[in-house]
Amino acid sequence: MSISPQEENKAQTSESGGSNVEDLYLESYAFTTAAAIVGSVDRKIFVQLRDGRNIFGILRTFDQFANLVLQDAVERIYLPAVEGNGKERFAEVPRGVFMVRGENVVMLGELDIDKEDDHLEQRGQIHFGEAEAEFKALQAARMKEEKERAKQYLKRGLIHDYVKADLY
Amino acid sequence: MLFFSFFKTLVDQEVVVELKNDIEIKGTLKSVDQYLNLKLDNISTVNEEKYPHLKAVKTLFVRGSTVRYVHLSANSVDCTLLQDASRREAMAQAGK
């Protein structure tokens with residue numbers, strides 16, 4: 001189910017107040033993946049990926065599979081405070097122009113640029129390399145935990161389906 | 001197609017989407033598509049601290065494959081209508 005460039009153009013022009021025919025067009029395309037995302041183009045968004053990463057950037061283009069192209073992308077990792085030691089932490093690294101394959105998207109949202117950095121003020125920034133290492137360790141621990149859980153469930157005749165790719 | 005149509009009747013209602021990673025997001029359902037991807041407006045999360053960047057988010061697009069539950073209020077659903085639609089769908093499937 002794809003929207004050709006002309007049809008998408010029609011949808012966009014009718015959003016700015018087109019004729020009756022174009023409004024009809026928009027109605028039939030209202031409930032599509034593309035229609036849900038088109039409103040966020042050229043705006044700053046965040047994307048959460050299935051591997052647990054958060055990418056922040058300006059959405060430039062997308063398609064019906066929710067494949068995305070982000071410009072000025074920044075990858076950010078959030079970490080809890082070191083035990084008993086005050087601030088929660090975060091780390092950032094610029095990623096430039098980033099293309100995301102739609103199947104890896106968990107959710108994406110438009111950011112209010114006035115408020116988007118508020119939560120960072122209460123956090124301490126750390127070096128990305130060490131944040132990434134700690135994050136990967138957390139995920140490895142989680143995979144272990146899920147494997148153990150699956151085992152325990154299986155013992156009782158239940159299935160615990162854990163997909164290794166889903167670390168979000 | 002049944003659940004796609006069902007969700008279309010729920011547009012503009014407030015729902016709570018529970019994802020497979022246990023995070024719960026409350027919002028107004030604005031759009032749905034054939035994959036049951038959801039678009040929510042005016043979102044708020046139950047567990048703010050795990051996803052601090054969500055405080056600055058106005059609209060959210062949630063991929064259908066990551067949803068575990070969509071919590072609805074009982075009066076959003078017309079059960080008899082839903083039963084009829086399910087029956088029709090089941091007969092259509094049986095006939096194939």
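Below, chains carry the letters A, B, ... as their sequence lines are ordered, and counting in each starts from 1. What you see is a predicted model; the values in this text were computed from it and never measured. No hydrogens, no waters, no symmetry mates; every other heavy atom, side chains included, goes into these values.
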Taking side chain as everything from C-beta outward and backbone as N, CA, C, O, which of these in [X] sits under 4.5 Å from a heavy atom of chain A? Side chain, backbone, both or neither.
X     : result
B:L38 : neither
B:L19 : side chain
B:K39 : side chain
B:F7  : neither
B:V67 : neither
B:I23 : side chain

So, the side chain of A:R50 versus the backbone of B:T66: is there a donor-acceptor pair under 3.5 Å, distance only?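 Flag not set: sc A:R50 to bb B:T66 has no pair under 3.5 Å.
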Ignoring hydrogens and geometry, is there a side-chain-to-backbone donor-acceptor pair from B:Q13 to B:L72 under 3.5 Å?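 No; zero donor-acceptor contacts below 3.5 Å.
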Interface moiety of [X] toward chain B, non-hydrogen atoms closer than 4.5 Å:
X      : value
A:Y168 : both
A:E88  : side chain
A:A66  : side chain
A:D166 : neither

I'd like to know if A:K144 pairs up with A:E148 as an ion pair, taking the criterion as any Lys NZ or Arg NE/NH1/NH2 lying under 4.0 Å from an Asp or Glu carboxylate oxygen.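 Salt bridge: no.
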Find the one option among [options] whose heavy-atom pairs under 4.5 Å with chain B are most numerous.
options                        : value
A:R123, A:E110, A:K115         : A:E110
A:V47, A:N54, A:I45            : A:N54
A:D112, A:L108, A:L120, A:I113 : A:L108

Anything under 30° is parallel, anything over 60° is perpendicular, the rest tilted; go ahead and classify A:Y162 against A:H160.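 Rings of A:Y162 and A:H160: parallel, under 30°.
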May I have the step-by-step check of side-chain contact (heavy atoms from CB on, under 4.5 Å) for B:L29 and B:L40, ending in yes or no? CA-CA 5 Å; B:L29 183 66; B:L40 303 169; 4.1 Å; yes
Could you walk me through whether A:F90 and A:H119 pass ring pair (Phe, Tyr, Trp, His ring centres under 6.0 Å), step by step? CA-CA 10 Å; A:F90 76 97; A:H119 63 284; 7.8 Å; no
Verify the distance criterion only: is there a donor paired with an acceptor across the side chains of B:D33 and B:S31 at less than 3.5 Å?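 The answer is no; no qualifying pair exists.
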Any donor-acceptor pair under 3.5 Å linking the side-chain atoms of B:R87 with those of B:Q83?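 No, because no side-chain N or O of B:Q83 sits under 3.5 Å from a partner of the opposite role on B:R87.
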For each of B:I43, B:I25, B:V32, tally heavy-atom pairs with chain A at distances under 4.5 Å, and name the one with the top tally.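 Winner by heavy-atom pair count: B:V32.
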Below 4.5 Å, heavy-atom pairs only: which of B:T59, B:N37, B:D22 has the largest tally toward chain A?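 Winner by heavy-atom pair count: B:T59.
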Taking CZ in A:R101 as the centre, count heavy atoms belonging to other residues, nucleotides or ligands within less than 6.0 Å. Is the count above 12?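 Open: at most 12 neighbouring heavy atoms sit under 6.0 Å from CZ of A:R101.
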Cationic tip of A:R76 above A:F56 ring, under 6.0 Å, 45° of axis: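 Yes - A:R76 lies over the ring of A:F56, closer than 6.0 Å to its centre and within 45° of its axis.
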